[in-house]
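Here's the structure we're looking at; comments come further down.
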Protein chains: 2
Amino acid sequence: MRLSTKGRYGVTAMMDLAIHDGVGPVTLADISQCQGISLSYLEQLFSKLRKHGLVEGVRGPGGGYKLARPAEGITVAEIIAAVDERVDITNCNGKGDCQDGQRCLTHELWTELSNRLFDFLNDITLSQFVSRPGIRELAMQRDQINGRFALAKRQASALRQEAR
Amino acid sequence: MRLSTKGRYGVTAMMDLAIHDGVGPVTLADISQCQGISLSYLEQLFSKLRKHGLVEGVRGPGGGYKLARPAEGITVAEIIAAVDERVDITNCNGKGDCQDGQRCLTHELWTELSNRLFDFLNDITLSQFVSRPGIRELAMQRDQINGRFALAKRQASALRQEAR
DNA sequence: CTAATACTTGACTAAATTACTAGGTTAAGT
DNA sequence: ACTTAACCTAGTAATTTAGTCAAGTATTAG
């Protein structure tokens with residue numbers, strides 16, 4: 001388990017998709033503007049997210065990315081693992097030994113801590129953040145301010161339908 | 001909150017000190033051998049740990065490093081923060097705004113997740129791992145195998161004293 | 001005192017990761 | 001057709017990580 005800016009970008013981007021889930025796809029250009037990182041870098045990240053079955057791309061005008069699965073089933077740990085693609089857990093773990101064929105005691109303690117951390121993050125889903133009351137409405141307001149008109153429009157009609 | 005190999009090195013090294021707490025200082029050369037990283041790199045890490053009041057150096061023959069405080073009071077989050085020295089939490093947070101003077105909603109959600117993660121790691125102390133029954137004895141055995149005779153000797157007499 | 005041990009500091013280098021740039025191709029909507 | 005936006009590839013600048021080298025200082029055993 002590793003947590004870097006890359007993982008943060010992935011998680012926040014996925015939150016963005018989750019907020020607009022069911023409303024319509026979100027373009028990378030939008031996310032790029034909001035997060036302040038380059039479009040091509042986002043493309044790299046989303047390529048990984050797509051290959052791990054977390055998002056789906058929709059081509060053409062009005063296209064973008066959307067969640068491949070409901071937000072309830074997507075955990076933070078999954079997202080981080082997808083963008084990080086890290087295999088090496090410890091220095092010696094690949095070979096299985098630390099020195100003299102013995103694994104260092106501290107490494108065992110570390111993997112235990114690492115597992116606890118994973119369980120913690122694997123228990124947090126996107127929906128936990130997005131399904132809070134009022135979040136959708138707030139997102140719509142911000143979309144209008146930020147010039148995401150297409151999204152805001154679709155969001156508004158989605159909210160009207162929900163109201164019925 | 002960031003978690004890289006640097007943080008892992010710091011945590012595992014601190015676990016090593018905690019295991020030998022009360023027994024005597026641990027030399028960086030020992031840790032270097034066990035963790036498989038260079039002595040000078042460890043020196044850099046321990047310089048930070050010392051400046052953050054987590055460890056104390058003992059000079060002269062038989063010297064090394066030891067915990068500056070009891071293991072019960074040292075949390076994993078503290079160690080990671082000490083070696084990482086990271087300030088930037090989000091891309092826009094330094095300036096306080098994301099775009100158009102509005103903070104992106106996703107960034108707020110991220111900081112919330114980040115705080116949860118910090119609380120989690122700040123609740124895990126070194127003693128939780130080290131004070132498990134049998135850990136000290138196991139450490140002594142490994143020290144002998146790994147040629148850490150001085151430590152093993154002190155550890156043994158410490159255990160004898162505990163037995164009384 | 002002297003030598004051995006171990007911490008301290010700084011400057012410098014190699015490797016890996018992060019982030020970006022520039023050029024495309026492909027699919028779908030108008 | 002034309003535009004939009006996903007998708008792909010290669011290269012590269014910037015930053016971080018990890019390690020090296022060298023010249024110190026402090027402590028203590030003998």
Side-chain angles (χ1 to χ4, degrees), chain A residues 2-10 12-13 17 20 24-33 35-52 54-68 80 83-88 90-92 148-151 154, chain B residues 2-13 17 24-33 35-52 54-66 68 80 83-88 90-92 148-151:
Chain A
R2 228 181 82 105
L3 192 49
S4 61
T5 50
K6 216 167 176 175
R8 194 189 70 217
Y9 288 148
T12 50
L17 298 202
H20 299 99
V26 181
T27 69
L28 292 191
D30 271 346
I31 299 175
S32 162
Q33 214 192 350
Q35 298 219 30
I37 58 175
S38 81
L39 183 65
S40 297
Y41 191 47
L42 269 178
E43 281 174 349
Q44 285 175 34
L45 296 182
F46 270 78
S47 168
K48 287 177 184 172
L49 292 173
R50 198 174 60 89
K51 276 166 191 160
H52 282 83
L54 293 174
V55 299
E56 268 175 24
V58 179
R59 293 183 165 195
Y65 281 98
K66 57 180 185 178
L67 299 182
I80 291 171
V83 295
D84 262 351
E85 276 171 353
R86 182 66 45 137
V87 195
D88 80 312
T90 61
N91 250 357
C92 65
R148 291 160 89 165
F149 296 115
L151 276 178
R154 275 177 282 183
Chain B
R2 230 179 81 105
L3 191 51
S4 62
T5 51
K6 215 167 179 177
R8 195 188 69 217
Y9 288 148
V11 172
T12 50
L17 297 202
V26 181
T27 70
L28 292 191
D30 272 347
I31 298 175
S32 163
Q33 213 191 353
Q35 297 218 31
I37 57 175
S38 81
L39 182 65
S40 298
Y41 192 47
L42 269 178
E43 280 171 351
Q44 287 174 32
L45 295 182
F46 269 77
S47 168
K48 289 177 184 173
L49 292 173
R50 198 177 60 88
K51 277 167 190 159
H52 282 84
L54 293 173
V55 299
E56 266 174 25
V58 180
R59 295 179 164 197
Y65 279 99
K66 60 179 184 178
I80 292 171
V83 296
D84 262 350
E85 275 170 355
R86 181 66 46 140
V87 194
D88 81 310
T90 62
N91 250 358
C92 65
R148 292 160 89 165
F149 297 114
L151 277 178

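Just so it is clear, the values below take in all heavy atoms, side chains as well, and ignore hydrogens, waters and symmetry mates. Within every chain, numbering begins at 1; the chains are lettered A, B, ... in the order of the sequence lines, protein sequences first and strands thereafter.
Distance CZ/F46(A) to CG/L39(A): 10.5 Å, rounded to 0.5 Å.
Regarding L3(A), its CG atom lies at a distance of 13 Å from the P atom of dT17(D), rounded to whole Å. L28(A) places its CG atom 4 Å from the P atom of dA6(D), with the value rounded to the nearest Å. Separating the CG atom of L45(A) from the P atom of dC8(D) is a distance of 14 Å, rounded to the nearest angstrom. Here the P atom of nucleotide dA6(C) and the CD atom of E56(B) are 18 Å apart, to the nearest Å. Straight-line distance from the NZ atom of K66(B) to the P atom of dT27(D): 14 Å, rounded to whole Å. Here the C1' atom of nucleotide dA6(C) and the CG atom of L42(B) are 14 Å apart, to the nearest Å. Distance K48(B) NZ to dC7(C) C1': 17 Å, rounded to the nearest Å.
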field: Nucleotide-resolved protein contact map, nucleotides 20-30 of chain C, B/S/- at heavy-atom distance under 4.0 Å
entry: BBB---BSBS-

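T12(A) places a side-chain N or O within donor-acceptor distance of the main-chain N or O of R8(A), the cut-off being under 3.5 Å.
At least one side-chain nitrogen or oxygen of Y65(A) sits closer than 4.0 Å to the OP1 or OP2 atom of dC7(D). Neither OP1 nor OP2 of dC7(C) sits under 4.0 Å from any side-chain N or O of R50(B). For the pair R2(B) and dT18(C), the criterion of a side-chain N or O lying under 4.0 Å from OP1 or OP2 is not met. Within the structure, a side-chain polar atom (N or O) of T5(A) is placed less than 4.0 Å from OP1 or OP2 of dA19(C).
At the heavy-atom level, G57(B) lies nowhere under 4.0 Å from the strands shown.
Shown here are the salt bridge (charged side-chain N to carboxylate O under 4.0 Å, His left out) partners of K48(B), two or more places apart in sequence or in another chain: E85(B). Looking at residues two or more places apart in sequence or on another chain, you find a side-chain hydrogen bond (donor to acceptor under 3.5 Å, both in side chains) between S47(B) and K51(B).
The aromatic rings of Y9(B) and Y41(B) lie perpendicular to each other, with more than 60° between the two planes, well past the 30° mark.
Among dT17(D), dT18(C), dC8(D), the nucleotide with an atom closest to any side-chain atom of S4(B) is dT17(D).
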